[in-house]
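First comes the structure, then the notes that go with it.
Please read all numbers here as calculations on a predicted model, not as lab measurements. A note on names: the letters A, B, ... follow the listed sequences, proteins ahead of strands, and every chain is numbered from 1.
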Amino acid sequence: MEGFFRVRVSFGGSRSSYGRRIPVATTETQSRARARQYNASQVEAKWQKAWEEAQLAKTPDHSERPKWYALTMYPYPSGDLHIGHWYAMAPSDSAARFKRMCGYNVLFPMGFDAFGLPAENAAIQRNIHPHTWTMANIENMRKQMRSMGAMFDWDREVITCLPDYYQWNQWLFLQFMKAGLAYQAKAPVWWCPKCQTVLANEQVVEGECERCHSEVSRRDLTQWFFRITKYAEELLDFSKIDWPDRVVTMQTNWIGRSEGARVVFTSEQDDSIEVFTTRPDTLWGATFMVLAPEHPLVEKLTTDEQRDDVEAYVRQARRQTEIQRTNTENEKTGVFIGAHAVNPVNGERVPIWIADYVLMGYGTGAIMAVPAHDERDFEFARKFDLPVRVVIRPEDSDLSDETITEAYAGEGVMVNSAHFDGTPTADGEAVSQVIEWLDEQGRGSGEINYRFRDWLVSRQRYWGTPIPIIYCDSCGTVPVPEEDLPVVLPEDAEFKPTGESPLKTHEGFVNTICPSCGAAAKRETDTLDTFVDSSWYQYRFLNPHYVDGPVDPDKAAEWLPVDQYTGGIEHATMHLLYARFFAKAMRDIGLLTIDEPFTRLYNQGIILGEDNEKMSKSRGNVVDPDELVSEQGADVVRLYLMFIAPWDQGGPWNSRGISGIERFVRRAWAITDETADLPADDDVDPDVDLQLRKALNKAIQVVGDDIGDFEFNTMLARLMEFVNELYQLRERGATSSPAWRESLESLALMLAPSAPHLAEELWHRLGGEFSVHQQAWPSFDPGLTVEATVELAVQINGKVRDRLETAVDADEETVLAMAMASSRVQDGIGDKQVRKVIYVPGRILNIVVG
RNA sequence: GCCGAAGUGGCGGAAUGGCAGACGCGUCGGUCUCAAAAACCGAUGGCCGAAAGGUCGUGCGGGUUCGACUCCCGCCUUCGGCACCA
C-alpha cells in the first residue's frame with residue numbers, strides 16, 4: 001500500500017516530535033515507557049482491518065432502530081484526498097457515528113462525482129483515457145479515505161461515470177421531456193475561433209481562450225434546458241427544511257422574485273412593445289423607452305437615418321462579455337433608433353432607444369424609462385438630455401422636474417398622473433390600484449418575474465452523460481426509446497488538443513437510425529451538465545444496483561429524505577437548488593414522495609494554509625493529509641481539524657497547534673493504560689469520589705450536547721478538561737473509586753465518534769467487548785451535573801468586589817446578609833446609600849449604591 | 001451599490017444579558033536528566049504595585065440596562081454572495 005503514496009518532501013517547520021526522538025540512546029526506563037506509548041499507525045491499521053472484517057460500516061436496509069440518513073457531499077475524483085476533503089468528511093463521520101451510538105440506524109454512504117472537465121484535460125495532455133484516469137483516481141482516493149477510519153458503507157458506492165449510474169440520468173431526461181420539463185432553445189455559448197470549439201465558462205479567462213489565448217465570442221446554439229423556473233414559487237418556500245439562513249437568503253436572492261406589471265406600449269407602426277415594471281405607479285413619468293440591443297423589434301423599428309448608428313451599437317454590444325456589459329461602473333451608452341411609441345396610460349409619444357443596460361434575458365427585454373424615479377434611467381436621461389418628469393412627490397417636499405437632482409425611489413403620493421393624483425404609494429397601495437385599473441382597461445396586468453433562468457444542461461463535451469436524443473431529417477427530434485438505454489459513451493474516442501468533443505466526429509457514435517422511421521439519423525453529441533448527476537445521487541445510494549428505475553421505491557420510503565447533509569457553502573445556489581428542483585420534479589413524475597431532498601444542512605468552512613491564504617500548489621502552502629496520517633495518525637488529524645475553530649468557520653492550519661492534540665491523545669491513552677488494572681476499594685475519600693462522579697456526568701452531558709450541535713471545538717475542550725480532571729483526581733486517590741473504571745470506559749465511549757481508532761484501543765485495553773462502535777452513548781445522572789453550591793460574585797455598582805460560596809438556591813436575604821458581613825463589600829459601599837439590590841441565584845448579587 | 005457574516009490576549013478560539021479570555025498553542029519558571037527531548041507541576045491580557053490590591057480592557061462612537069463581548073442606533077475594517085434584474 002505504501003508504494004501507492006508518493007514520496008514527498010516534508011513541508012517546513014512542522015517536523016513532529018517523533019522524528020527528533022529516534023536517534024537518541026535509550027535507557028531502560030525510557031524503553032519501558034516507549035513500549036507503553038500509544039502507537040497510532042499500528043493501532044489504526046489493526047482496527048481498520050478488524051472493522052472491515054466485521055463489516056462494521058455496513059448499514060442494514062431495515063432495522064428496529066429509527067433511521068438517520070447522514071450525507072456529506074461526494075468528491076470529484078481529482079486524484080488525491082486533500083486536507084479540505086478531510087475537513088468536510090471527518091467531522092461528518094463523527095456526527096454520524098454519534099447518531100449511531102445514540103440508537104439510530106445510520107446510513108452514511110460515499111461515492112464519486114466522476115464526470116467532468118479535468119478528466120478530459122488529462123486525456124488531452126497526457127493521452128490517458130478519461131475513464132482510466134478517473135478510475136485510477138477513485139482507487140487511490142478510496143484508499144486514502146479508508147485511512148481516515150470513516151464508517152462509509154462502501155457497498156453502496158455510487159460512481160457517476162459508469163453506465164450503471166448515468167443510464168438513469170438519460171432515463172430521467174426522457175421522463176422530464178415527457179413531463180414538459182426538458183426543452184430545446186437557442187442560447188449563447190463561448191466560441192474560440194482558433195480552436196474551432198465551444199468553451200465552458202471556466203475555460204474563458206478574461207475574455208480569452210484558456211488554451212490558445214484567442215479572443216472568444218458568443219455564438220447561439222440550440223441547447224437543452226430543464227424548466228426549473230416552473231418551480232420558482234415552491235423553491236422559495238423553505239418551511240419544510242432547516243437550513244442555515246445565509247443559504248436560504250442566497251437562494252432567495254438567486255431566484256430573485258419581483259412583483260409588478262406587464263404593460264403594453266405601442267409603436268407608431270402599431271407593434272406591441274411589452275415592458276415589465278415593478279413600479280406601474282410611475283407609468284405617467286415614462287419619458288422614453290429602452291430596448292435591449294438584441295430585442296427582436298429593433299431591426300424593424302429603426303429608421304433609415306439611424307440604421308448605421310444602431311447597427312454599430314448592436315455589433316459592439318454583442319462582442320462584450322457578460323461581465324463587461326453588466327459592470328455597474330460603466331457609463332451609460334445607447335442609441336436613439338428613430339422610432340416612437342405611445343404610452344398606454346396617457347397617449348404620450350415617447351422616443352425609443354436601445355442601450356446595453358437593458359438585458360434581453362430579463363422581463364421582456366424592454367423597459368419604460370422613468371428617470372425621475374429610477375437611478376439608471378435618470379443617469380441615462382441626463383447623459384442624453386431626455387426629459388425628466390416627477391410623478392411621485394415625497395411628503396413635505398416640492399420636488400419638481402426642475403429641482404430634481406437624483407432619482408427619487410422612495411414613498412410619496414402620485415402627482416401628474418391624471419385621476420391617480422394624490423394616491424399614496426405606501427404599502428404598495430398605488431401599485432395595486434394602478435394594476436387593477438390597467439387590467440380593467442386591458443392595457444396591462446399584474447405579473448411576477450424571476451431573476452433566475454431555466455437550467456441549461458447541454459455541455460459540448462465528451463466526459464459526461466450522452467443526451468439520449470436522435471435527430472432525423474423527417475421525424476425531427478426523437479427521444480431514444482427507453483429500452484435502448486443506455487446510450488453508452490464510445491471508448492475509442494480521439495481527444496484533440498483543441499478540446500473539441502470527440503463525440504462530434506465519432507462516426508460510429510453519431511450515425512444511427514431513427515427509432516421512429518428507420519432512416520439514417522444523427523445522435524445528439526452534447527452531454528449533460530454534471531450537476532444533473534449530483535441532483536439525485538442521494539437516492540441512488542439507497543440501492544445503487546436497482547434495475548427497475550433510478551430509485552428503489554421501497555428503500556426510498558424507508559430512508560428519505562436525507563436527515564443531515566453537510567458540505568461547502570460554494571454549492572449554496574447551484575447544486576443545492578438543482579437538487580431541490582429534482583426532488584420536486586421527481587415527486588411530480590411519481591418517483592419520490594418527498595418535497596425536499598435534505599432536511600437539515602450544515603456548511604463547514606474552509607481550511608486555509610498556514611499563511612492564511614487559500615491552499616494551492618503554486619503557493620506551496622498545501623497541507624498533505626497522507627503525510628500527517630503517517631506521522632501523527634488519523635485520529636490526531638481528525639481531532640485537530642475539529643479543534644481548530646468552529647466547524648462552519650474554518651481557518652488557517654497551524655502545524656504547531658496540532659501538538660496539543662497529540663499530547664491529549666497520549667494523555668488519554670496513558671491514564672487509561674496506567675490505571676486500568678488498579679482495583680477499586682473502599683478507602684476512597686468520599687469528597688474525591690463525588691468530584692469524580694460529577695466530572696464524569698458533566699462531561700457526558702456537555703460532550704454529547706456539543707457533538708450533537710456540531711460544536712466539535714468545544715466538545716474537545718470539554719474532553720480535555722475531563723482528562724485533566726482525571727489526572728488531578730488520580731493524585732488524590734480517585735483510582736480507588738468504583739467510578740474510576742466507569743470514567744475510563746466513558747472516556748473511550750466519548751472519544752469513539754471523533755477518534756475511532758484510539759477509542760477502540762482504549763476500549764480493548766479496558767477489556768471491553770469488540771467493538772466500541774457498537775456501544776451506546778453513555779448516559780448521565782442529571783443529579784450529578786448540577787452543583788449544590790456556587791461561587792457567587794458580589795458586585796457594587798456592577799464591579800466585582802467579593803466572591804461568596806453560597807447554596808445555588810440560597811434566598812436573597814441570606815446572601816445579602818453574607819455579603820454585608822464582608823469587609824470588602826463594606827469598603828466598596830463606604831458611606832453611600834444602598835439604592836437597590838439585584839440578586840440572580842447562582843449568578844450574581846449586585847448592590848447598587850449612590 | 002445591495003444583501004449577509006465576522007472583528008475578543010503573542011496566536012487558534014471560549015463565553016449570546018450576570019466573575020471576559022474556558023480549552024489549546026506559544027512563552028517563562030520549576031521537577032526529572034551528565035545534558036537534551038519527552039513527561040509532570042506552576043505562571044502567563046495591558047498598566048501601576050514588593051505584595052495585598054487597584055486600574056484599563058472584547059474594531060470605533062453613542063444608547064438601553066443595576067449590569068453589555070452579548071441588545072439597539074451610527075460608523076470603520078475584513079470576508080462571502082449578488083451585482084444596470086427594470
**Message:** What is the distance, to the nearest angstrom, from the NZ atom on A:Lys614 to the P atom on B:C79?
**Reply:** 15 Å
**Request:** Measure from the side-chain heavy atoms of A:Arg663 and tell me the nearest of B:G4, B:C25, B:A38.
**Result:** B:C25
**Message:** Does A:Arg451 qualify as a cation-pi partner of A:Tyr362, given the criterion of NZ or CZ under 6.0 Å from the six-membered ring centre and within 45 degrees of its axis?
**Reply:** no
**Request:** Between B:U16 and B:C71, how far apart are the C1' atoms? Round to whole Å, please.
**Result:** 10 Å
**For atom CZ of A:Phe380 and atom P of B:A86, their distance in whole Å** = 18 Å
**Request:** Using modelled atom types only, decide if a donor and an acceptor are shared between the side chain of A:Asp709 and the backbone of A:Glu711 within a distance under 3.5 Å.
**Result:** no
**Message:** So if I take every side-chain heavy atom of A:Asn253 and compare against B:G24, B:C3, B:C84, which nucleotide ends up nearest?
**Reply:** B:C3
**Request:** Step through it carefully: locate the ring centre of A:Phe380, locate the ring centre of A:Phe288, and say whether they are under 6.0 Å apart.
**Result:** yes
**Request:** By nearest nucleotide on RNA chain B, pick out whichever of A:Ile644 and A:Val790 is the more 5' one.
**Result:** A:Ile644
**Prompt:** Parallel, tilted or perpendicular: which describes the rings of A:Trp647 and A:Phe712, with under 30° parallel and over 60° perpendicular?
**Reply:** perpendicular
**Message:** Please report the distance, rounded to the nearest Å, between CD in A:Gln649 and C1' in B:C11.
**Reply:** 14 Å
**Fill in**
A correct 5'-to-3' footprint of nucleotides 63-72 of chain B, with B, S and - meaning base, sugar-phosphate only and no protein heavy atom under 4.0 Å, is ---B------
**Over 12 non-hydrogen atoms of neighbours within 6.0 angstrom of CZ in A:Arg843** = no
**Request:** To the nearest Å, give me how far apart CZ (A:Arg718) and C1' (B:C23) are.
**Result:** 7 Å
**Asked** With syn defined as a glycosidic torsion within 90 degrees of 0 and anti otherwise, which applies to B:G21?
**Response** anti
**Request:** Name the closest nucleotide to the A:Arg666 side chain, picking from B:A38, B:C25, B:G13.
**Result:** B:A38
**Message:** Taking the side chain as everything from C-beta on, heavy atoms only, tell me whether A:Trp254 gets closer than 4.5 Å to A:Met574.
**Reply:** yes
**Prompt:** Given B:A86, is OP1 or OP2 found less than 4.0 Å from the side-chain N or O atoms of A:Ser258?
**Reply:** yes
**Message:** Over all strands shown, is A:Arg453 touching base, sugar-phosphate only, or nothing at heavy-atom distances under 4.0 angstrom?
**Reply:** base
**Request:** Tell me which nucleotide among B:C82, B:G81, B:A14 gets nearest to the side chain of A:Arg451.
**Result:** B:C82
**Item:** Between B:U70 and B:G63 - P atom distance, rounded Å
**Value:** 14 Å
**Message:** For a quick check of understanding: with a heavy-atom distance under 4.0 Å over all strands, which category does A:Pro652 fall into, base, sugar-phosphate or nothing?
**Reply:** nothing
**Request:** Classify the angle between the aromatic ring planes of A:Tyr408 and A:His373 as parallel (below 30°), tilted (30 to 60°) or perpendicular (above 60°).
**Result:** perpendicular
**Prompt:** How far, in whole Å, is B:A22 from B:C72 if one measures between their C1' atoms?
**Reply:** 29 Å
**Message:** Can you work out whether A:Arg824 or A:Thr714 has the more 5'-proximal nearest nucleotide on RNA chain B?
**Reply:** A:Thr714
**Message:** Using the P atom as the point on both nucleotides, what is the distance between B:C19 and B:C73, in whole Å?
**Reply:** 25 Å
**Request:** Could you tell me how the ring of A:Trp653 sits relative to the ring of A:Tyr640: parallel (under 30°), tilted (30 to 60°) or perpendicular (over 60°)?
**Result:** perpendicular
**Item:** Residue pairs involving residues 697-707 of chain A (criterion side chain to side chain donor-acceptor pair (under 3.5 Å); sequence neighbours excluded)
**Value:** A:Lys698-A:Glu787, A:Asp706-A:Thr714
**Prompt:** So, is A:Asn713 close to the B:A14 phosphate, meaning a side-chain N or O under 4.0 Å from OP1 or OP2?
**Reply:** yes
**Message:** Quick check for you: among B:G24, B:G13, B:C19, whose closest atom lies nearest to any side-chain atom of A:Ala645?
**Reply:** B:G13
**Asked** Does a distance-only test, which skips hydrogens and angles, find a donor-acceptor pair under 3.5 Å between the side chain of A:Arg656 and the base of B:C25?
**Response** no
**Complete:** Of B:C25, B:A22, B:C3, the nucleotide closest to the side chain of A:Glu721 is B:A22
**Message:** In whole Å, I'd like the distance from the CG atom of A:Asp802 to the P atom of B:G54.
**Reply:** 10 Å
**Asked** Any donor and acceptor pair, going by atom type alone, linking the side chain of A:Thr282 with main-chain N or O of A:Arg279 inside 3.5 Å?
**Response** yes
**Prompt:** Nearest to the side chain of A:Ala717 - B:G4, B:C23, B:C82?
**Reply:** B:C23
**Item:** Under the 3.5 Å Watson-Crick or G-U criterion, the dot-bracket string of RNA chain B, with | for inter-strand pairs
**Value:** (((((((..(((.....[....)))((((((.......))))))((((....))))..(((((..]....))))))))))))....
**Prompt:** Nearest of B:C19, B:G54, B:G4 to any side-chain atom of A:Val800?
**Reply:** B:C19
**Between B:C34 and B:C28 - C1' atom distance, rounded Å** = 24 Å
**Message:** If I pick the C1' atom on B:C75 and the same atom on B:C56, what distance separates them, to the nearest angstrom?
**Reply:** 24 Å
**Prompt:** When the distance from CD1 of A:Ile569 to C1' of B:G81 is rounded to whole Å, what number comes out?
**Reply:** 9 Å
**Prompt:** If you draw a 6.0 Å radius around NZ in A:Lys383, do more than 12 non-hydrogen atoms from other residues or ligands fall strictly inside?
**Reply:** yes
**Message:** Would you measure the distance from the P atom in B:A86 across to the matching atom in B:C3 and give it in whole Å?
**Reply:** 15 Å
**Prompt:** With respect to the phosphate group of B:G24, does any side-chain polar atom (N or O) of A:Asn724 fall under 4.0 Å of OP1 or OP2?
**Reply:** yes
**Message:** Using 30° and 60° as the class boundaries, would you call the ring planes of A:Phe531 and A:His575 parallel, tilted or perpendicular?
**Reply:** parallel
**Message:** Does a side-chain N or O of A:Lys799 approach OP1 or OP2 of B:G53 to a distance below 4.0 Å, or not?
**Reply:** no
**Request:** Could you check whether A:Thr573 gets within reach of a base, just the sugar-phosphate, or nothing at all, counting any heavy atom under 4.0 Å?
**Result:** nothing
**A:Thr277 side-chain proximity, nearest of B:C82, B:A86, B:A38** = B:A86
**Asked** Counting only heavy atoms not in A:Ile844, do more than 12 fall under 6.0 Å of its CD1?
**Response** yes
**Item:** Rounded distance in Å between the P positions of B:A43 and B:G59
**Value:** 28 Å
**Asked** Just how far, in rounded Å, is C1' of B:G81 from CG of A:Asn603?
**Response** 13 Å
**Asked** Rounded to the Å, how far apart are A:Asp648 CG and B:C79 P?
**Response** 19 Å
